[in-house]
Each structure stands twice: as C-alpha cells, then as structure tokens.
Amino acid sequence: MPELIPVLSKNEIKKTVQNLGTTISSDYRNGQVVMIGVLKGAFIFMADLVRQLSIPVQTDFICASSYGNKTCSSGKVSFSKKIDIDIVDKDVILVEDIVDTGLTLVCLIEYVKSLGAKSVKICALIDKQERREIDIEIDYAGHSIEKGFLVGYGLDYAEDYRNLPEIFNLKL
Ligand code: IMP
Ligand code: MG
C-alpha cells in the first residue's frame, strides 16, 4: 500500500499562495501580467494564485510533452497545447507546480522568449533541489524542499492524487 506522509497543510498552502499573490501584485503594480500555467500539474495552483492578484492578469496554459534529450533547440520539445494569446511585449510569468531537474522550464522560457515576451519570470509552488540539473532562477518560489516525491494539489503520481487538497510525500 502506498503511504502518504503530510508535507503541506491546506492552511500552509493558502498562506503561501496569498504571499506569492501579494508579492507579485506589488512587483508589477501599475502594470499587468500574463500568467501561463504549465499543465497539468499547475492547474489548481494557478487557479488559486490568479485570485490573489490585485493587478490585471491574462491567463493561458501550456502543455509540453516530455523531452527526448536535454536540449530544447533540437526540436525535441513539442507542445500538446501552445500559447493562444498574444504575448508580444508582455510581462509573462510561467506558473509551475514543482521544479525538479529544471529541464522543462528552460525549454519553456526559451519558447516564451521566442514569441516576443518583454520579460519572463518563474513562479513555482515548490522548488525541489534533489535532481536539479540546470541552475535556474526561480523568481517566486512558494516552498523549498530537499527531496521526495510529492502528490496532491495538482501534483500527480501516474495521474492519481491531483485532487487532494493537501500535499503529501508519496512512499511507494
Ligand atoms: P523538471 O523540472 O523538468 O524535471 O520537471 C518538472 C515536472 O515534473 C513538474 O512540472 C511535475 O509535473 C513533474 N514532477 C517533478 N517532481 C515531481 C513530484 O515530486 N511530484 C509530482 N510531479 C513531479
Ligand atoms: Mg508540471
């Protein structure tokens, strides 16, 4: 039987999302942002985060398929959902559930820049250092964890557990 060990409670997540919303609203005051959620894992985090913003925000989602190797430029990254809205000269924030190796994000940043965004920043609920391969700057990080496989609040294991309102460490 898989074991679920509590890591972040509903309340901790709520406070973290509120703080991220306040910080982002302050950093972009007098402006507006385009938030792009990385599917599927970020769908719940994104939904809560945009409701904590006091600045105008446009939203979209992107779904990147897994990469065949470690480079983006080889054309190995394909998207099952691309960005539909116009982001030319816009301030973009990519919203991720969790950053692990960093490979997905590096490719997504490159893609968003190629579409003409004015700036690209990263907001991740969880910054996990265990398997980091690329030194990536996470501008807005909710929590930092050393290691472990997390599920809940959008995070899955083989598509299960996304609906759990708290975050757990999954021990198989
Ligand atoms: P990476 O940073 O390119 O290695 O990939 C990050 C993606 O892998 C995240 O957006 C998640 O979808 C998935 N992932 C990484 N670590 C976990 C985890 O602990 N639980 C669930 N999904 C994870
Ligand atoms: Mg993800």
If hydrophobic clusters are built from ILVMFWY residues whose side chains come within less than 4.5 Å, do [X] and [Y] share one?
X: L155; Y: L39; result: yes
X: F149; Y: I13; result: no
X: L164; Y: V7; result: no
X: I145; Y: I44; result: yes
X: V95; Y: Y28; result: yes

If you look at every heavy atom in [X] and [Y], which pair is closest and at what distance?
X: G142; Y: T16; result: CA-CG2, 3.4 Å
X: A124; Y: V99; result: CB-CG2, 3.7 Å
X: I5; Y: K171; result: CD1-CG, 3.4 Å
X: L53; Y: S25; result: CA-OG, 3.4 Å
X: I93; Y: I122; result: CG2-C, 4.4 Å
X: G148; Y: E130; result: N-OE1, 3.1 Å

Pairwise side-chain contact, [X] with [Y], heavy-atom cut-off 4.5 Å (strictly under):
X: E133; Y: L103; result: yes
X: I36; Y: I83; result: yes
X: E96; Y: L125; result: no
X: V50; Y: M35; result: yes
X: V92; Y: S119; result: no

### Message
So for atom NZ, which belongs to K81, do other residues, nucleotides or ligands contribute more than 12 heavy atoms lying within a distance under 6.0 Å?
### Response
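Counting other residues, nucleotides and ligands, NZ of K81 exceeds 12 neighbours.
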#### Entry: Other residues, nucleotides, ligands: >12 heavy atoms within 6.0 Å of E146 CD
no
## Note on the structure
d(L94 CG, Y140 OH) to nearest 0.5 Å is 12.5 Å
### Reported CD1-to-SG distance for the pair I62 and C107, which is rounded to 0.5 angstrom
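These two atoms lie 10.5 Å from each other.
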### Task
Report the C-alpha separation of L20 and F45 in whole Å, then their side-chain angles, then the decisive distance to 0.1 Å, and conclude whether the side-chain contact (heavy atoms from CB on, under 4.5 Å) test is met.
CA-CA 11 Å; L20 288 169; F45 175 42; 3.7 Å; yes
#### Entry: Ring centres under 6.0 angstrom apart (F79, Y111)
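Yes, ring centres under 6.0 Å apart.
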### Task
Start with the C-alpha gap between K121 and I24, add the side-chain angles, then the distance that decides, and say whether side-chain contact (heavy atoms from CB on, under 4.5 Å) holds.
CA-CA 10 Å; K121 289 201 174 184; I24 292 169; over 6 Å; no
### Query
Ion pair present between R162 and D156, side-chain N to carboxylate O less than 4.0 angstrom?
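Judged by the 4.0 Å cut-off on N to carboxylate O distance, R162 and D156 do form a salt bridge.
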### Salt-bridge contact D48-R51 (side-chain N to carboxylate O under 4.0 Å)
yes
### Task
Apply side-chain contact (heavy atoms from CB on, under 4.5 Å) to the pair Q58 and D60, showing each step before the final yes or no.
CA-CA 7 Å; Q58 293 184 333; D60 202 348; over 6 Å; no
### Task
Would you check, one step at a time, whether the test side-chain contact (heavy atoms from CB on, under 4.5 Å) holds for Y161 with L4?
CA-CA 10 Å; Y161 306 112; L4 293 173; 4.1 Å; yes
